[in-house]
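A quick write-up on the structure given underneath.
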Amino acid sequence: MTARPQNPDPARPGRPKSSKTDAPPKPKRAGSHGVRAARPLAAEDRARLLAGAHHDPHALLGAHSVSGGVAFRVLRPYAQAVTVLAKGLRAELHDEGDGLFSGVLPLRAVPQYSLLVTYDDNEIEAEDPYRFLPALGELDLHLIGEGRHEELWTALGAHPMTHQGVPGTRFTVWAPNALGVRVTGDFCYWDGTAYPMRSLGSTGVWELFLPGVGEGALYKFDIARPDGSHTLRADPMARRTEVPPATASIVTASHHVWQDDLWMAARGDRPVHESPFSVYEVHLPSWRPRLTYRQLAEQLPAYVRDLGFTHVEFLPVAEHPFGGSWGYQVTGFYAPTARMGTPDDFRFLVDALHRAGIGVLVDWVPAHFPKDDWALAHFDGRPLYEHEDPARSEHPDWGTLEFDYGRKEVRNFLVANATYWCEEFHVDGLRVDAVASMLYLDYSREEGEWSPNEHGGRENLDAVAFLQEMNATVYRRCPGVITIAEESTAWDGVTRATHHVGPGGFGGLGFGLKWNMGWMHDSLGYAAHEPVHRKYHHHEMTFSMVYAYSENYVLPISHDEVVHGKRSLVSKMPGDWWQQRATHRAYLGFMWAHPGKQLLFMGQEFAQGAEWSETTGPDWWLLDPSYSAEPDHRGVRDLVRDLNTVYRDAPPLWQRDTDPGGFAWVAGDAAEDNVFAFLRHDASGAPLLAVSHFSPVVRHDYRLGVPDTVPAWTEVLNTDAARYGGGDIRNEDPLKPDSTPSHGQPVSIQLTLPPLATVWLRPV
């Protein structure tokens with residue numbers, strides 16, 4: 001934080017006194033006999049006020065009717081003099097020392113007044129913050145106290161507004177353990193002595209309206225902890241922050257005019273589960289390094305639309321101090337990272353994607369937060385956002401703190417945050433990170449390091465209740481929005497409705513979709529084996545269908561699978577470069593045909609060979625026409641485009657994703673051949689036949705049983721096509737069934753299976 005000089009802009013508190021040539025005639029100054037000495041503050045009140053540890057500074061400062069007039073008291077450190085200005089009045093207050101100035105004026109009522117504050121080198125006319133009533137309503141306080149304020153961001157934080165006819169900013173913060181709280185910022189040279197806040201009853205909320213402070217002002221809260229020490233904290237509800245590593249919060253308001261009305265009106269028309277849903281996962285700071293949100297809006301929508309993805313998913317965009325965390329260690333839950341622009345710039349990007357017909361998902365991280373001493377950890381001197389039991393608050397894997405989901409205000413902070421991203425930024429879905437670490441009390445903990453719940457189990461009942469409340473609230477308030485769980489265990493009912501109780505006695509968690517980590521692990525393990533060994537691992541590709549309809553699934557090939565020594569997708573594949581690319585293409589064809597929605601991390605769409613790095617992003621140079629192997633990479637990208645195009649036009653591949661009747665094995669046991677063949681059906685029963693062949697040989701006249709209701713089949717996609725970099729071994733002509741029974745079907749077809757390829761066929 002860098003202290004800034006006093007800004008003469010009227011949007012900041014205080015204005016330099018007008019020059020003598022422009023100044024209006026001065027009102028008469030009250031004589032010394034007209035300003036009586038005010039009754040001194042009680043020693044304890046004075047000490048607490050000056051120490052920033054008073055719960056009600058408005059009772060001591062400002063103007064108050066007293067016997068014989070109106071008493072004024074002002075706290076202005078470093079001032080030489082303070083003068084009260086009102087209509088027909090100019091009265092200099094007595095200097096009490098320590099920056100306190102006071103006096104009693106013979107007035108019948110408190111007038112509309114301002115202050116003229118004289119310093120060594122200038123005079124500033126300012127409104128007195130302590131003449132204003134609370135700018136936060138009783139209903140807001142009631143809802144906060146109940147932990148049920150669904151629009152918490154409108155009540156807490158810094159909000160530019162006009163209050164009692166005066167423009168300024170209302171500052172509010174939840175700090176129930178604090179002895180006192182002061183606002184400090186660039187508008188007071190980062191000395192908050194003059195701006196103590198008042199406590200608003202038992203809610204733990206502190207409030208102060210600062211006249212003249214406007215958008216762009218930097219601020220923090222100076223909190224007096226229970227032991228009397230002070231801590232300087234960023235606003236937990238800040239909606240804009242400085243660019244890291246700077247840590248101040250910034251007063252902001254949105255001025256973006258949305259242009260996505262058609263998208264927002266239509267996004268809830270068809271359930272996501274019965275719609276095409278293929279996701280391009282993006283780390284915004286590195287997709288094209290050094291681009292701003294607005295520059296990304298010029299490039300990303302066109303790129304994603306060209307490839308045919310229905311959605312993008314952003315790694316967390318909430319503010320985080322360490323870029324190497326990729327956004328998964330959040331300090332500013334309500335602020336898009338300032339690395340690429342302002343909150344309105346981020347809105348502009350979402351708007352551009354919507355106008356291009358692309359949905360926006362955002363990774364959301366309610367599982368933990370970092371220990372930075374300017375952020376949430378021990379916020380007001382005691383555990384507040386984290387659990388008071390260190391065994392429950394310390395995350396054993398990441399060196400972070402876990403939220404206390406049993407505390408109603410913390411739960412409110414997170415539930416409101418979920419709806420905030422959907423409502424304020426028009427986000428279409430939240431992918432919730434690390435759900436498993438929230439659900440289990442013994443997650444990554446050894447025996448003796450955790451305590452069971454009230455029923456003797458290991459389930460975190462508070463976290464379960466929080467996730468249920470979050471999902472129920474989001475789905476109620478935001479039609480068309482989808483929530484997605486990254487949950488890596490067999491927890492029952494992740495995507496079951498919250499009011500449907502399962503065999504374990506729990507209602508569903510209420511998510512719309514769940515990442516299928518089992519499919520990802522098993523299928524990647526199979527593909528990494530040499531073809532000659534794959535027959536011994538055939539079950540790794542078929543086992544997913546045993547549980548495919550236990551939840552509503554996303555098939556994720558995510559950022560986590562292409563970093564930290566795991567290698568990129570194409571580099572996981574065995575064999576020479578041709579075989580690696582062929583297997584990569586065949587795997588994508590299998591993935592797009594398998595029940596579930598698809599997610600692919602950036603760079604994998606053109607077979608990047610290197611692991612992803614957040615510092616450099618995808619290796620776009622591989623698509624430079626001057627590079628000799630560019631056709632190999634462009635071919636894979638062309639395949640991804642065609643996969644998405646055919647997929648979107650083929651209801652059998654998405655319309656019955658959550659219905660077991662939409663899938664049927666044709667050949668699920670052809671381990672010796674490394675072949676997987678299955679049928680997908682749409683709501684009307686129309687089929688699509690998908691055949692994946694993971695051997696590096698051509699199989700001619702390969703027989704597969706098919707329904708006798710289809711007179712002929714035609715190839716609609718072949719990952720071995722020459723334009724994708726394959727050998728172009730294809731089934732050119734329609735395939736007509738003959739009367740030979742096979743695979744439990746009365747008729748069958750004979751087709752050619754290219755090496756290491758996936759083929760899709762549809763009725764002619």
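Bear in mind the structure is a predicted one, so any value in this text is a computation, not a measurement.
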Do [X] and [Y] have a side chain donor and acceptor closer than 3.5 Å?
X    : Y    : value
H426 : D351 : no
E319 : T241 : yes
T483 : N471 : yes
H58  : R131 : no
W364 : N417 : yes
E402 : S393 : no
Q80  : T118 : no
D235 : Y219 : yes
Y78  : D191 : yes
T292 : R294 : no
H159 : R239 : yes

Task: Min side-chain heavy-atom separation F187-L210 under 4.5 Å - done: yes

TODO: Please examine the side chains of R431 and L361, heavy atoms only from C-beta on, and report whether any two atoms are closer than 4.5 Å.
DONE: no

For the pair [X] and [Y], find out whether any cationic side-chain nitrogen is under 4.0 Å from an anionic carboxylate oxygen.
X    : Y    : value
R476 : E150 : yes
R382 : E388 : no
D222 : K220 : no
E424 : R347 : yes
E469 : R411 : yes

Task: Any donor-acceptor pair under 3.5 Å from D260 side chain to H354 backbone - done: no

TODO: Please answer whether the main-chain N or O of L100 pairs with a side-chain N or O of D98 as donor and acceptor at a distance below 3.5 Å.
DONE: no

Measure centre to centre between the rings of [X] and [Y], then say whether the value is under 6.0 Å.
X    : Y    : result
F333 : F403 : yes
F413 : Y334 : yes
W174 : Y385 : yes

Task: From E394, H395, Q329, E386, residue fulfilling side-chain hydrogen bond (donor to acceptor under 3.5 Å, both in side chains) relative to K371 - done: E394

Open item on the list: On a heavy-atom basis, which atom in F101 and which in A79 lie closest, and how many Å separate them?
Closed with: CZ-O, 3.5 Å

Task: Minimum-distance pair of heavy atoms, taken over all atoms of H255 and D344 - done: N-OD2, 2.7 Å

Task: Residue R477 excluded, over 12 heavy atoms near CZ under 6.0 Å - done: yes

Task: Neighbour count >12 (heavy atoms, 6.0 Å) for atom CD, Q112 - done: no

